[in-house]
Amino acid sequence: MRRYESVWVVNGDLPDEEVKATIDKFTKIITGQGGKLVSLEEWGRRKLAYKIQGTLRGYYVIADFAGEPATVRELERNYRIDDRVIRYLTVKRADRVDLAALEAEAAAKAQAAPSLAAPSGEGPAEEAAALTTPSETVTEESAEPESEAAPEKEA
Amino acid sequence: MAVVPRRKRKQFYVRRKVCRFCVDPKLVIDFKDVTTLRQFVTERGKIIPRRISGNCARHQRSLTRAIKQARLLALMPYVPSPPPA
């Protein structure tokens, strides 16, 4: 099985139940095909860098899982069909997977999951989250506009 | 790149900067890490060239890929937002 990371963005203007519904739907697809979900990260509603389908808000969900290429195909097929999903991206993280280590990681993350901090900007990357004390923040709202940023170098 | 400084030219040699990612192996390039990614993009959202950022070829490539992925997911803009009229 390969390790994948799949992100999907739900239209932020939709009610929470709809959003939850998509989460259930897609995680079911993953597990239904024999995939193993390692972690599910919900970034919540965020301001989009540009308008998509007329809205500037999106609900981000990230699924870290192990599965077969066929699973990914099915997942993406469903992303395309579902009108609630406005963006998606699936990335391969590893070619082979050590199931035992994976299980351990999944358990560790599940424990740390209930660490919903107050809104504090963007959700940080969780690449090495399994190794360090998970500091994942789930943001409800991202206040800063995407066009302005910290001092940058101008060519 | 040529090291010969000439008159009336933008700084030709930019102090051999080291690749930030090569030096610190903990620093990973990920399309989700917008904070880090933003450092390599201009105010207008353009990707900063390697000769300015000092990144090595390999990391510049991953960086570019990550930025483009972030743009796709609307985590970063393709073009700057127009100022409020």
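As the structure is a prediction and not an experimental result, all values here were calculated from the model. Quick note on labels: first sequence line is chain A, next is B, and so on, each numbered from 1.
Residue D30(B) holds its CG atom at 5.0 Å from CZ of R93(A), rounded to the nearest 0.5 Å.
Taking all atoms of both residues into account, the shortest heavy-atom contact from F31(B) to V91(A) is CE2-CG2, 4.0 Å. The two residues A49(A) and P77(B) come nearest to each other via the heavy atoms CB-N, 3.5 Å.
Listed by chain and residue number, C19(B), C22(B), R58(B), H59(B) satisfy the side-chain contact (heavy atoms from CB on, under 4.5 Å) test with C56(B) (two or more places apart in sequence, or in another chain). Among residues two or more places apart in sequence or in another chain, the side-chain contact (heavy atoms from CB on, under 4.5 Å) test is passed with T31(A) by none.
Linking Ile, Leu, Val, Met, Phe, Trp and Tyr whenever their side-chain heavy atoms come within less than 4.5 Å leaves L56(A) and V34(B) in two separate clusters.
No more than 12 heavy-atom neighbours from other residues, nucleotides or ligands sit within 6.0 angstrom of NZ on K68(B).
Taking the side chain as every heavy atom from C-beta outward, L75(B) and W43(A) approach each other to under 4.5 Å.
Here ring pair (Phe, Tyr, Trp, His ring centres under 6.0 Å) pairs that include residues 90-110 of chain A, with residues two or more places apart or in two chains, number zero.
Applying a 4.5 Å heavy-atom cutoff, the residues of residues 67-89 of chain A that approach chain B are R87(A), Y88(A), L89(A).
No donor-acceptor distance shorter than 3.5 angstrom exists from the side chain of Y50(A) to the backbone of M76(B), with no hydrogens or angles considered.
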